[in-house]
Amino acid sequence: MHWADYTAMRLSEKYDSQVIASGITPSGEFHIGHLREILTAEMIHRACLDSGKKSEYIFIVDSMDPLRRVYDFLSDDYEKYIGFPLANIPAPNPDGTPNYNGENYAIHFLKPFLDALKQIGVIPKVVMNHETYENGDFAEKIDLAIINREEICEVIEKISGRELPEGWYPYNPVGSDGSMDGVIVTGYEKPYVYWTDRKGINGKSDIRKAEGKMPWRVDWAAKWGVHGITCEPAGKDHGAAGGSFDTGIPICRILGSEPPGKMVYEWIQLKGSGPMSSSTGNTIGPIEALGLVPPEILRYVIARTKIKKHIDFDTGPSLFEMADEYERLVSNPPDDKDLSKKKKVARDTALGALRLSQVKRGDNPSLSTAGVSFRHLAMLAQIKSDDDDIWRSLNKSQHLDGKPNQVLINRLSRMRNWIDSRHFPEEARIKIQDIITKENKKKISSKQEEFLNQLFTKLEKIEWTEKEISENITSLSSEIDINRREAYVALYILILGTEYGPRIASIMNEIGREETLKIMSKSFQ
RNA sequence: GGGUCUGUAGCUUAGUCAGGUAGAGCGUCCGGCUCUUAACCGGAAGGCCGCGGGUUCGAACCCCGUCAGACCCGCCA
C-alpha cells in the first residue's frame with residue numbers, strides 16, 4: 001500500500017473528515033525541498049479523497065514570522081527590519097534593496113511558488129498567518145496561552161531540554177518601531193498585552209489584531225486548534241525528539257484542542273552538496289525545475305519515495321532513470337496474476353505512486369506519457385534542431401504514430417531547456433569532435449582509413465540530405481568491401497569519439513557538409 | 001551527552017507496521033533485430049538483507065546490543 005493511502009486509512013479511523021496542512025515561512029526564495037512539504041501533505045489529502053472521505057488541504061504561509069537576519073540576497077537596508085513580521089516589510093528588488101512601492105516580502109516570494117504549485121496540480125487553500133492574527137481568530141488561543149503561561153513554559157523546558165529566559169511570555173508584541181525584538185511584556189489585561197520596547201517606549205497590543213504573535217512552538221500548536229488540522233507532516237527538523245512537534249502536542253491540549261498525530265518526513269538534498277539552503281545558494285527553484293522536468297515526473301520523485309527516506313534530487317543521469325521508470329510503469333504496469341502477498345503490496349505501492357503523480361487527480365496515467373524514453377528524446381533533441389524532423393524520426397522508429405500529442409510536445413520543449421541548461425548531465429551530451437585524438441586514431445585500421453578517404457570525396461559532391469549521406473555510406477562500404485559495422489565504427493570514432501552512437505547520418509546532416517568535411521580533413525591528412 | 005531516522009545486488013530501491021522459499025528497474029555481460037537511433041526485443045550473471053546475539057518450527061521483518069551515515073535538542077521543509 002502506498003504511504004499516502006496508508007496514512008489516509010489511519011486518519012479515517014480517527015476523524016470523519018480531514019484537514020491536511022502544510023506550513024512554510026516565506027523568508028526567501030522557495031526551493032524544491034519545499035515541494036516535499038507541500039506534496040507530502042497534498043498526496044495524503046488526495047488519498048483521503050480517493051478513499052471516498054472528506055478532506056481539505058490548506059497551506060499556511062507563516063507571514064507573521066519575523067525577519068531573523070539579513071540574508072545574503074538582501075542589502076544592508078534590511079538591518080532595520082529585523083524582527084518585523086514578514087508581511088509588514090517591503091519585498092527586495094533584484095539587487096537586494098527594498099522596493100518600497102511594491103508588494104510585501106511574504107507575498108513576493110509566495111507568488112511564484114504558488115504558480116509552480118499550480119503547474120504540478122496543487123491548488124491549496126492558502127492561509128496567510130498574519131491574517132489569522134488580524135481577524136482575531138487566534139485571540140482565544142493567545143488568552144489561554146497567557147493564562148497557562150507557567151505550564152507551557154514548563155512543557156517546553158522539560159521536553160526540549162532548553163531553558164527559557166526569565167520573563168518568557170507566550171506572546172511577542174510588535175513594538176513601537178514595528179519590530180518584535182527586545183519587546184518586554186509588562187502586563188496582561190484581556191484583550192491587551194502591555195509592553196515596553198527596546199527604545200523604552202510603552203504600549204499595548206490587542207490580541208485580536210496582528211499586533212504581536214505567539215512564539216513558534218506555541219503558534220504552531222495554536223494553528224492546529226484554530227484550523228482543526230488533523231494531519232500536518234513536518235520536516236525532520238521539527239520531528240526530532242524534543243523538537244517543536246513534541247512540544248506542540250501537549251501545548252495544543254493546554255490550548256484546548258486535540259493535536260494531529262506526529263508525522264515526519266526526510267529532506268531532499270541536492271546530490272553531493274548537502275541540504276537545500278537559500279542562504280548558500282544551493283538551490284533549485286520549483287520554477288526552474290519545472291522548466292526542465294515535466295510536472296508528473298516531479299510529483300513522481302516525491303510519490304515513489306517513502307517519507308522517511310531522504311531524496312537526492314539530481315537533474316543528472318538519475319533523472320533519466322526516474323522518468324523512464326515512470327514511463328515503463330505506465331506502459332507496462334505490474335500485473336495482478338501473481339497473488340503472493342508481498343508482490344501484491346509492491347504492486348499496489350507502485351500503482352499508488354503513479355496515481356498520485358498525476359497533475360490532475362483522477363487522470364489516467366497513460367494520458368501523461370510520451371511513448372519515448374527521456375534518453376532517446378535527449379539524443380534526438382541534440383542532433384535535430386527542427387521539431388518536425390524529430391516527429392518524423394519517431395514515426396520511423398515506431399515510437400510515434402502520426403502527429404505528436406501535447407505531452408510529447410511539452411516534453412521536447414522542456415528537454416531542449418534542460419540541454420541548454422547547466423543541469424544537463426555531461427554523459428548524455430553529444431559532443432562533436434574537433435579533431436581526432438591519438439588514442440582514437442590508433443583504433444582506426446588502414447581499411448577504415450581508406451573508407452574514410454573515399455567517403456570524403458563522395459561527400460563533397462552529393463546532395464546533402466540524411467538519405468543521400470546514408471546511402472553513400474552503405475554503397476561505398478559494399479564497393480570497397482568493408483564490413484558495414486567497421487565503416488560505421490570509423491565514422492563514430494571520427495565524429496563523436498565513441499565506437500557507437502545515434503544514427504550518424506542524422507548527425508552529419510545536422511552539423512552540415514562544411515563542418516563534416518572539416519572534421520574529416522583535419523583528422524586525416 | 002540525549003534522541004529520531006536510515007542501512008537489502010555495482011547504483012536506485014520493493015518487501016519491515018500483520019514473521020512463511022529475497023522481488024524489480026538501471027547498469028554490466030551475451031545474443032537477436034538478416035546489422036547501426038544511445039532505439040527495440042530476448043537471455044544471463046550478480047544478495048551471509050550493516051554486524052553480533054536472542055525469541056521462534058521458521059527472522060530482512062519482532063527483541064537486545066553494536067557499527068556506520070543523516071538529522072534534531074537556537075532558526076530552517
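In what follows, every chain begins at residue 1, and chains take the letters A, B, ... in the order their sequences are listed. Quantities reported herein were computed from a predicted structural model and do not represent experimental measurements.
- Residue contacts shown for A:E325 are absent, as no nucleic acid heavy atom lies under 4.0 Å away.
- Between A:K309 and the phosphate of B:G7, there is a side-chain N or O to OP1/OP2 separation shorter than 4.0 Å.
- A straight line from CZ of A:R10 to C1' of B:A18 spans 10 Å, rounded to a whole angstrom.
- Dashed line: the shortest gap from a side-chain N or O of A:W267 to OP1 or OP2 of B:C5 is not under 4.0 Å.
- Remark: A:K306 is in phosphate contact with B:A14, judged by side-chain N or O atoms under 4.0 Å from OP1 or OP2.
- Within the 4.0 Å cut-off from OP1 or OP2 of B:A39, not a single side-chain nitrogen or oxygen of A:H376 is found.
- In this structure, the nucleotide among B:C75, B:A70, B:U6 sitting nearest to the side chain of A:K308 is B:U6.
- Taking atom P on both nucleotides, B:C11 is separated from B:G50 by 13 Å, rounded to a whole Å.
- Distance from the side chain of A:S393 is smallest for B:U37 among the nucleotides B:U37, B:C71, B:U12.
- The two residues A:C153 and A:L164 come nearest to each other via the heavy atoms SG-CD1, 3.6 Å.
- Rounded to an integer number of Å, the gap from CD of A:E266 to C1' of B:G69 is 11 Å.
- Judged by distance alone, the side chain of A:T230 and the main-chain N or O of A:V19 form a donor-acceptor pair under 3.5 Å.
- The gap from the P atom of B:A60 to that of B:U16 amounts to 14 Å, rounded to the nearest Å.
- With respect to A:D62 and A:K213, no salt bridge is recorded, no charged nitrogen being found less than 4.0 Å from a carboxylate O.
- The nearest whole Å value for the distance from the CZ atom in A:R328 to the C1' atom in B:U13 is 12 Å.
- When the C1' atom is used for both B:G19 and B:C63, the distance is 13 Å, rounded to whole Å.
- Protein atom CG of A:L319 is 16 Å distant from nucleotide atom P of B:C26, rounded to whole Å.
- In this structure the side chain of A:L117 never reaches within 4.5 angstrom of the side chain of A:H34, judged on heavy atoms.
- Nearest-nucleotide positions on RNA chain B for A:R36 and A:L394 put A:L394 closer to the 5' end.
- Under the Watson-Crick or G-U wobble criterion, with both distances below 3.5 Å, B:C49 is left unpaired in every strand shown.
- In terms of position along RNA chain B, the nucleotide closest to A:M379 lies nearer the 5' end than the nucleotide closest to the other residue of the pair A:M379 and A:A234.
- With respect to the salt-bridge test (charged N to carboxylate O, under 4.0 angstrom), the residues A:R411 and A:E327 qualify.
- Under the Watson-Crick or G-U wobble criterion, with both distances below 3.5 Å, B:G1 is paired with B:C73.
- Under the Watson-Crick or G-U wobble criterion, with both distances below 3.5 Å, B:C17 has no partner in any strand shown.
- For B:U37, its base never sits under 3.5 Å from the side chain of A:S506 at any donor and acceptor pair.
- Residue-level contact check: A:V489 touches the bases, meaning some heavy atom is under 4.0 Å from a base atom.
- Once rounded to the nearest 0.5 Å, the distance linking CE of A:M64 with CG of A:N129 reads 8.5 Å.
- Here the CD1-OG distance, from A:I297 to A:S357, works out to 8.0 Å after rounding to the nearest 0.5 Å.
- Nucleotide B:G42 forms a Watson-Crick or G-U wobble pair with B:C30, both donor-acceptor distances falling under 3.5 Å.
- Across every strand in view, B:A68 sits in a pair with B:U6 that passes the Watson-Crick or G-U test at under 3.5 angstrom.
- In this structure, the CG atom of A:D5 is 19 Å from the P atom of B:C17, given to the nearest Å.
- Here A:D115 does not pair with A:K118 in a salt bridge; the nearest charged N to carboxylate O distance is not below 4.0 Å.
- As judged by a 4.0 angstrom heavy-atom cut-off over every strand, A:Y6 is placed among the base-contacting residues.
- Spacing of P atoms, B:A39 relative to B:U28, comes out at 10 Å, to the nearest Å.
- Contact check, A:T25 against B:A77: a side-chain N or O comes under 4.0 Å of OP1 or OP2.
- Stacking annotation: A:Y265 is not stacked on the base of B:A77 (requires ring centroids less than 5.5 angstrom apart and an interplanar angle below 30 degrees).
- Of the candidate nucleotides B:A39, B:C76, B:U12, B:A39 has the atom lying nearest to any side-chain atom of A:H399.
- Closest to the side chain of A:T349, from the set B:G15, B:U36, B:A77, is B:G15.
- Ranking B:G15, B:C76, B:C75 by closeness to the A:R217 side chain, first place goes to B:C75.
- Within 4.0 Å of A:I430, counting heavy atoms only, lies at least one base atom of the nucleic acid.
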Could you go through nucleotides 19-24 of chain B and list every protein N or O atom that sits under 3.5 Å from one of its N or O atoms, giving the distance for each pair?
unit_1	atom_1	unit_2	atom_2	d
B:G20	OP1	A:K342	NZ	2.8

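- The nearest whole Å value for the distance from the CD1 atom in A:I383 to the P atom in B:A39 is 13 Å.
- With A:E266 as the fixed residue, the side-chain hydrogen bond (donor to acceptor under 3.5 Å, both in side chains) test singles out one of A:R36, A:H310, A:K236: A:K236.
- Across all strands, A:L380 comes closer than 4.0 Å to base atoms (heavy-atom distances).
- As rounded to the nearest Å, B:G46 and B:C62 have C1' atoms that lie 30 Å from one another.
- Across B:A59 and B:A45, the matching C1' atoms stand 28 Å from one another, rounded to whole Å.
- Judged purely by atom type and a 3.5 angstrom limit, A:S470 has no side-chain atom pairing as donor or acceptor with the backbone of A:K467.
- Residue A:R68 is classed as a sugar-phosphate contact, given heavy-atom separations below 4.0 Å to backbone atoms only.
- Whole-Å rounding puts the A:M322 CE to B:U12 P distance at 11 Å.
- A side-chain N or O of A:Y57 and one of A:S22 form a donor-acceptor pair less than 3.5 Å apart.
- The gap from the P atom of B:G2 to that of B:C48 amounts to 34 Å, rounded to the nearest Å.
- Taking the P atom of each, B:A24 and B:G43 are spaced 12 Å apart, rounded to whole Å.
- For the pair A:Y492 OH and B:A39 P, the interatomic distance rounds to 11 Å; values are reported in whole Å.
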